[in-house]
> 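Here it is, the structure in full.
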Amino acid sequence: MNDLSTPLALVAAIAALVGSFFFLAGAIGFVRLPDFYTRIHAPTKAASLGIPLMAFASMLVHLGAGLDLWVEDALIILFVFLAGPVSTQVLVWAAVARNIRSSSETVGQSVFRPIELVDVEEGPTDDVGPHGTSAES
Amino acid sequence: MIDQFGVATAALLVCMAMTLIRSIAGPTVFDRILAVNSFGTKTVLLIAVYGFLSGRPDFLDLALVYALMNFIGTIAVMKFTRFGDLAGMEEDEEEIL
């Protein structure tokens, strides 16, 4: 894989390196951020950008090698695009339902309003997770 | 074998080490579940990248299975954590929320 002569291999190399950069940024954020709600965004967002890039690099390599394995790469991208946001969302719902405390640095800036302040007429409540469903019931 | 995919593999291994640190140190159970989830995500890519680094691209099938397993595992653990049950979520939902 060391020759970067063809443009296909060059694009694959750039995609793999940029993808691993995103992964590194996400992991650093995951270790250093103060509370759960800030921590969850770093690796998940980085992964939903890093995985397609690296799988795209793998797809290009397999295309360049004349293999038929690009279908697997496409399926990996598809499943990660479907699964990553869903599992992140479910994780945050569960954390909110269990009242995980946020750090004092982010109190007052939270996107999650307290459960007694949720108003049905206030706007779309579908995107605020468990509070939205509780406001409707 | 220092090429771009070797660098990507090394970066993935560093990421997995950091994720492992968080999964050990994480104060809440959700940090640990998130760490396990993103560790699994990185494992998918590590399998894929190592597969064509070592000239065995058939590893991609394993990576695909691992991606599915990771997703279903996270959803199952989350459902259990939130509702205390893997079935019958409707009546529990009213009670918790």
Side-chain angles (χ1 to χ4, degrees), chain A residues 1-2 4 9 12-14 16-17 19-21 23-24 26-28 30-31 35-36 39-40 42-44 46-48 50-51 54-55 57-58 61-62 65 67 69 71-73 75-76 79-80 82-84 86-88 90-98 100-101 115 130-131 133-134 137, chain B residues 1-12 14-19 21-22 25-31 33-35 37-39 41-42 44-45 48-49 51-53 55 57-61 63-64 66-68 70-75 77-83 93-94 96-97:
Chain A
M1 312 282 176
N2 264 318
L4 299 177
I14 290 173
L17 290 181
S20 52
F21 167 75
F23 266 108
L24 269 179
I28 291 171
F30 192 34
V31 170
D35 67 344
F36 174 72
R39 267 202 292 270
I40 193 173
T44 50
S48 52
I51 284 189
M54 293 186 79
S58 160
V61 166
H62 289 145
L67 294 171
L69 283 166
V71 181
E72 272 91 345
D73 291 308
L75 282 177
I76 286 177
F79 284 135
V80 166
L82 288 181
V86 170
S87 59
T88 306
V90 174
L91 204 57
V92 176
W93 281 356
V96 171
R98 291 288 175 196
I100 299 296
R101 294 281 155 227
I115 200 164
H131 302 329
T133 56
S134 75
S137 61
Chain B
M1 187 181 279
I2 304 297
D3 57 1
Q4 65 273 20
F5 297 114
V7 172
T9 310
L12 276 177
V14 171
C15 288
M16 288 166 89
M18 291 164 117
T19 311
I21 289 173
R22 178 51 74 190
T28 66
V29 67
F30 295 101
D31 287 306
I33 295 171
L34 176 60
N37 185 16
S38 85
F39 194 85
T41 307
K42 283 160 190 138
V44 173
L45 279 190
V49 172
F52 57 78
L53 195 63
D58 307 333
F59 279 9
L60 267 184
D61 294 327
L64 192 53
Y66 209 96
L68 286 174
N70 187 31
F71 171 60
I72 293 181
T74 304
I75 294 297
V77 170
M78 275 305 97
K79 198 171 175 190
F80 190 77
T81 310
R82 186 175 173 196
F83 302 114
E93 189 173 20
E94 303 293 326
I96 288 178
L97 298 179

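As the structure is a computational prediction, the values presented were derived from the model and not from experiment. Order of the sequence lines fixes the chain letters, A, B, ..., with proteins taken first and strands second; residue numbering starts at 1 for each chain.
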> Among B:Leu64, B:Leu60, B:Leu68, which residue satisfies the side chain to side chain contact (heavy atoms under 4.5 Å, CB included) criterion with A:Leu75?
B:Leu64
> Where on B:Asp31 is there a heavy atom nearer than 4.5 Å to chain A: the side chain, the backbone, both, or neither?
both
> What part of A:Ile28 lies closer than 4.5 angstrom to a heavy atom of chain B: side chain, backbone, both or neither?
both
> Side chain from CB out, backbone as N, CA, C, O: work out which of these in A:Ala47 comes under 4.5 Å of a heavy atom of chain B, or both, or neither.
side chain
> Of all residues at least two apart in sequence or in a different chain, which pass the ring pair (Phe, Tyr, Trp, His ring centres under 6.0 Å) check with A:Phe36?
B:Phe30
> Any side-chain heavy atom of B:Thr19 sitting closer than 4.5 Å to one from A:Pro43?
no
> Less than 4.5 Å to any heavy atom of chain B: does that hold for the side chain of A:Ile51, its backbone, both, or neither?
both
> Please give me the minimum heavy-atom distance between B:Leu34 and A:Arg39, naming the atom from each residue.
CD2-O, 4.1 Å
> Among B:Ala48, B:Ala35, B:Ala25, single out the residue with the greatest number of heavy-atom pairs under 4.5 Å to chain A.
B:Ala35
> Below 4.5 Å from any heavy atom of chain A, which atoms of B:Leu45 appear? Answer side chain, backbone, both or neither.
side chain
> Could I get the full list of side-chain hydrogen bond (donor to acceptor under 3.5 Å, both in side chains) partners for A:Thr44, not counting sequence neighbours?
none
> Taking the side chain as every heavy atom from C-beta outward, state whether A:Phe23 and B:Lys42 have any pair of such atoms under 4.5 Å apart.
yes
> Go through the atoms of B:Thr41 and report whether side chain, backbone, both or neither lie under 4.5 Å from a heavy atom of chain A.
both
